[in-house]
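First comes the structure, then the notes that go with it.
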2 protein chains.
Amino acid sequence: MIHINSGDNLLKVLEACSNPHRLMIIAVLSKERKYVSQLARELGISRPLLYLHLQKLEEVEIVSSTMEISESGKAMKYYSLHSFQFEMNEQLIYKLSSTLIFKSKKEKERD
Amino acid sequence: MIHINSGDNLLKVLEACSNPHRLMIIAVLSKERKYVSQLARELGISRPLLYLHLQKLEEVEIVSSTMEISESGKAMKYYSLHSFQFEMNEQLIYKLSSTLIFKSKKEKERD
DNA sequence: ATCATATGTAATAATTTTATTACAGGTAAA
DNA sequence: TTTACCTGTAATAAAATTATTACATATGAT
């Protein structure tokens, strides 16, 4: 279960959820795990684009993946959702605001 | 009190919260209302930039503003926070996923 | 062999978001 | 009338995100 422990972490999770495709991915995976091509067909988007969105969700551990070899022998990458839950309200934001980090993407990459 | 009634609305609120400055604005305003210049000084950002962020928060009604004439006679624009609360989890996202809208910014502007 | 399906990613383009600069206006006090 | 506040915004620049295109590899079935 994901758990928000800092302002920085809250921000990252919010960013990960702030996209219609990524919300749809979460919705779909909340019912059952899917492999990449299957998910791409279901959402009606290209695999490269799906990869991009899956990466962002994986970075904050909303989803995770496992490679499996299907009965027919093909490699399949399955994505599944990690359950998550937090109360979005001003109290949470206030409480975590002291641990908010203001850095550009480039600065973050240097860490 | 803000209340999330559609996937589209959820997405907009998440987008509004997905920025460190805007989270700080929410944190500061959760304690007391502030006027624009005061808030800009407190956050250490320029007024034009602050306006941009306040606009995004105002669009989803997380904050609202009132113009007042101070005792000294100067116009002051006060911003205050609207209380908000919702459970972020996959159930909510699944429930609202049917009302998610996929439109570019340009397409939205044409509506 | 060719087709259909799966994986993965690099390079580029398009769009959106964020930030800055440079202005405009006003009131009040020194 | 100069200084110190306040409001507001247009134009531009910079950075980040999102989307597309074009590849490469592999397996199994026809």
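Keep in mind that what you see is a predicted model, and the values were worked out from it rather than measured. We name chains A, B, ... by the order of the sequence lines, and we start the count at 1 in each one.
- Rounded to whole Å, atom P of C:dT7 lies 15 Å from atom CG of A:L49.
- In terms of the ring pair (Phe, Tyr, Trp, His ring centres under 6.0 Å) criterion, residue partners of A:H53 (sequence neighbours excluded) are, by chain and number, A:H21.
- For the pair B:R41 and D:dC6, the criterion of a side-chain N or O lying under 4.0 Å from OP1 or OP2 is met.
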Item to complete: Kindly indicate, with the supporting measurements, whether the criterion side-chain contact (heavy atoms from CB on, under 4.5 Å) is fulfilled by B:S37 and B:L50.
Response: CA-CA 9 Å; B:S37 292; B:L50 177 56; over 6 Å; no
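- With a 4.5 Å cut-off between side-chain heavy atoms of Ile, Leu, Val, Met, Phe, Trp and Tyr, the cluster of A:I101 takes in none.
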Using the 3.5 Å cut-off, write out each protein N or O paired with an N or O of nucleotides 12-14 of chain D and the distance between them.
none

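- Rounding to whole angstrom units, CD of residue B:E15 and P of C:dT18 are separated by 9 Å.
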Show me the donor-acceptor pairs within less than 3.5 Å that the side chains of residues 23-32 of chain A make with the rest of the protein, sequence neighbours left out.
unit_1	atom_1	unit_2	atom_2	d
A:S30	OG	A:A27	O	2.7
A:E32	OE2	A:K34	NZ	3.4

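- Listed by residue number, B:S72, B:G73, B:K74 are the residues of residues 59-79 of chain B with a heavy-atom contact under 4.0 Å to DNA chain C.
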Return a table of donor-acceptor pairs under 3.5 angstrom between the side chains of residues 74-84 of chain B and protein atoms on other chains or two or more places apart.
unit_1	atom_1	unit_2	atom_2	d
B:Y79	OH	B:E58	OE1	3.0
B:H82	NE2	B:S64	OG	3.3
B:S83	OG	A:E90	OE2	2.7

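- Other residues, nucleotides and ligands place more than 12 heavy atoms under 6.0 Å from the CD atom of A:Q91.
- Note on residues 44-56 of chain B: no pairs pass salt bridge (Lys or Arg N to Asp or Glu O under 4.0 Å), not counting sequence neighbours.
- Contact detail for A:H3 and A:N9: the closest heavy-atom pair is O-OD1, 3.5 Å.
- Between the side chains of A:S6 and A:T99, no donor-acceptor pair is found at a separation under 3.5 Å.
- The local environment of NZ in B:K108 is crowded, with over 12 non-hydrogen atoms from other residues, nucleotides or ligands closer than 6.0 Å.
- Rounded to whole Å, the distance from CG on B:N19 to P on D:dT17 is 11 Å.
- Here salt bridge (Lys or Arg N to Asp or Glu O under 4.0 Å) pairs that include residues 2-19 of chain A, with residues two or more places apart or in two chains, are A:D8-A:K12.
- Atom CG of A:L52 is separated from atom P of D:dT21 by 15 Å (rounded to the nearest Å).
- When rounded to the nearest whole Å, the span between CG of A:L50 and C1' of D:dT20 equals 14 Å.
- Of the candidate nucleotides C:dT18, D:dT18, D:dT7, D:dT7 has the atom lying nearest to any side-chain atom of B:Y51.
- Taking atom NE2 of A:H53 as the reference point, atom C1' of D:dT18 lies 6 Å away to the nearest angstrom.
- A straight line from CZ of B:R47 to C1' of C:dG25 spans 11 Å, rounded to a whole angstrom.
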Could you list the protein-to-nucleotides 10-16 of chain C atom pairs, N/O on both sides, closer than 3.5 Å?
unit_1	atom_1	unit_2	atom_2	d
C:dT16	OP1	B:K105	N	2.6

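- Taking the side chain to side chain donor-acceptor pair (under 3.5 Å) definition, one finds that B:S72 meets it with B:S70, sequence neighbours left out.
- The stretch residues 25-37 of chain B touches DNA chain D through B:Y35, B:V36, B:S37, each having a heavy atom under 4.0 angstrom from the strand.
- As a whole-Å value, the separation of B:L54 CG from C:dT17 P is 17 Å.
- Heavy-atom neighbours of B:F86 CZ from other residues, nucleotides or ligands within 6.0 Å: above the threshold of 12.
- Every salt bridge (charged side-chain N to carboxylate O under 4.0 Å, His left out) that A:R33 has, sequence neighbours left out, goes to A:E68.
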